[in-house]
Protein chains: 2
Amino acid sequence: MLQEEVSILLGQKNMSKTPCRVEVLRVLLESGSALSEPDIRSRLNGGFDRTTVYRTLRSFLDQDVIHSISLEGGTVMYAITHQKEKHAELFHSHFFCDDCSKVYCLTKPEFEPPVLPEGFKANGYDLLINGTCNNCS
Amino acid sequence: MLQEEVSILLGQKNMSKTPCRVEVLRVLLESGSALSEPDIRSRLNGGFDRTTVYRTLRSFLDQDVIHSISLEGGTVMYAITHQKEKHAELFHSHFFCDDCSKVYCLTKPEFEPPVLPEGFKANGYDLLINGTCNNCS
DNA sequence: CGTATGTTTGCAACATTGTTGCAGAATAAA
DNA sequence: TTTATTCTGCAACAATGTTGCAAACATACG
């Protein structure tokens, strides 16, 4: 159930269950994909202020409850962090549908990275794949 | 020589050699890495308006003379597009140094991408690797 | 040469995304 | 209840990017 999932997410990070936090998590969980702040705010029940939503997102980002995805052109989307995968901290892979503009978090984000030039050391990989999603093909 | 390279880049795309375009290309070529608009503008000789620089960047983006790289958090950087590589249109790989914040375009951007879920079709790959560059290690 | 046409530039204005300061409301703790 | 903490809304601000308009400049054509 949704309420439970929200409680678990907040409880794990010792975050209090405020109305705005609960709503933001509900919206993100229900959408199943990444959303921009305007997207999120327009779906919230309660009519919260822009500032409050941004502060909520900032807290979630700091606590790794959510993560941000930067699209071509600088648009930033926010999505729940599901850490089922082992290398979730190292590899982040997302899919952007050119057709419906939906953003999906790939659950198996690991891949064979390119060889770096001499002297370069990698700490993390952020991959953004664009194309057509299963809904649009 | 730099002047020549600028002329070639503009000539290939049938773009007129305006002062601002020449300056922006000079700055990007001299820096050798990706720069933000404020970075670029502060290095221009001539004191061009913010708007003029953005319009110049837009033209270059439309003509694929440059490309943009979106960093974590939504910062956008601009870099010359070197299409020496075959798969340059499909694979874009960049390296962000956590130490000096410099952004490098990787010249061999191909890699083994992750397997997509059923029904998803990829059109392009944008990889952003973060870590330590050769100057900072 | 002069005129018409097109492009570049600067200025002002605006939109969007995100942050910060401050004061009031709500919540939890004493 | 009183105190302390944290949330929230409002106003203001900063950064990035776009658009409209008019002046400047270059280009082409008669």
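Numbers restart at 1 for each chain; the letters A, B, ... are given by sequence-line order, proteins then strands. When reading the values below, keep in mind they use all heavy atoms of this one structure, side chains included, and skip hydrogens, waters and symmetry mates.
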Query raised in the report: OP1 or OP2 of C:dT8 less than 4.0 angstrom from a side-chain nitrogen or oxygen of B:Thr52, does that happen here?
Result: no
Query raised in the report: Taking OP1 and OP2 of C:dA28, is either one under 4.0 Å from a side-chain nitrogen or oxygen of A:Ser16?
Result: no
Counting only N and O atoms by type, is there a donor-acceptor contact under 3.5 Å from the side chain of [X] to the main-chain atoms of [Y]?
X: A:Arg21; Y: A:Leu10; answer: no
X: B:Ser70; Y: B:Val76; answer: no
X: A:Ser16; Y: A:Thr18; answer: no
X: A:Glu23; Y: A:Asn45; answer: yes
X: B:Ser7; Y: B:Gln3; answer: yes
X: A:Thr56; Y: A:Thr52; answer: yes

Within this structure, what is the [atom1]-to-[atom2] distance between [X] and [N], rounded to whole angstrom?
X: A:Phe60; N: C:dG18; atom1: CZ; atom2: P; answer: 16 Å
X: A:Met15; N: D:dT5; atom1: CE; atom2: P; answer: 19 Å
X: A:Asp49; N: C:dT19; atom1: CG; atom2: C1'; answer: 13 Å
X: A:Arg41; N: D:dT8; atom1: CZ; atom2: C1'; answer: 14 Å
X: B:Lys17; N: C:dT8; atom1: NZ; atom2: C1'; answer: 16 Å
X: A:Leu35; N: C:dT17; atom1: CG; atom2: P; answer: 13 Å
X: A:Leu57; N: D:dT8; atom1: CG; atom2: P; answer: 12 Å

**Report entry** Salt-bridge contact A:Arg43-A:Asp39 (side-chain N to carboxylate O under 4.0 Å)
**Finding:** no
Requested in this report: Might you work through the side-chain hydrogen bond (donor to acceptor under 3.5 Å, both in side chains) test for B:His67 and B:His94, ending with a clear yes or no?
Outcome: CA-CA 11 Å; B:His67 59 279; B:His94 297 95; 2.9 Å; yes
Hey, can you pull the donor-acceptor pairs under 3.5 Å for the side chains in residues 120-130 of chain B, sequence neighbours left out?
residue	atom	partner	partner atom	Å
B:Asn123	ND2	A:Asp98	OD2	3.4
B:Asn130	OD1	A:Gly124	N	3.3
B:Asn130	ND2	B:Asp98	OD1	3.2
B:Asn130	ND2	B:Asp98	OD2	3.0

Query raised in the report: Base, sugar-phosphate alone, or nothing: which one does B:Arg21 contact when heavy atoms must sit under 4.0 Å apart?
Result: sugar-phosphate
Polar-atom pairs under 3.5 Å, protein N or O versus N or O of nucleotides 16-18 of chain D: list them with distances, or write none.
residue	atom	partner	partner atom	Å
D:dG17	OP1	B:Tyr78	OH	3.2
D:dG17	OP2	B:Tyr54	OH	3.0
D:dG17	OP2	B:Tyr78	OH	3.3
D:dG17	N7	B:Arg50	NH1	2.9
D:dG17	O6	B:Arg50	NH2	2.9
D:dT18	OP1	B:Arg58	NE	3.1

Requested in this report: Enumerate the residues from residues 6-14 of chain B whose closest heavy atom to DNA chain C is under 4.0 Å, giving them by residue number; use none for an empty result.
Outcome: none
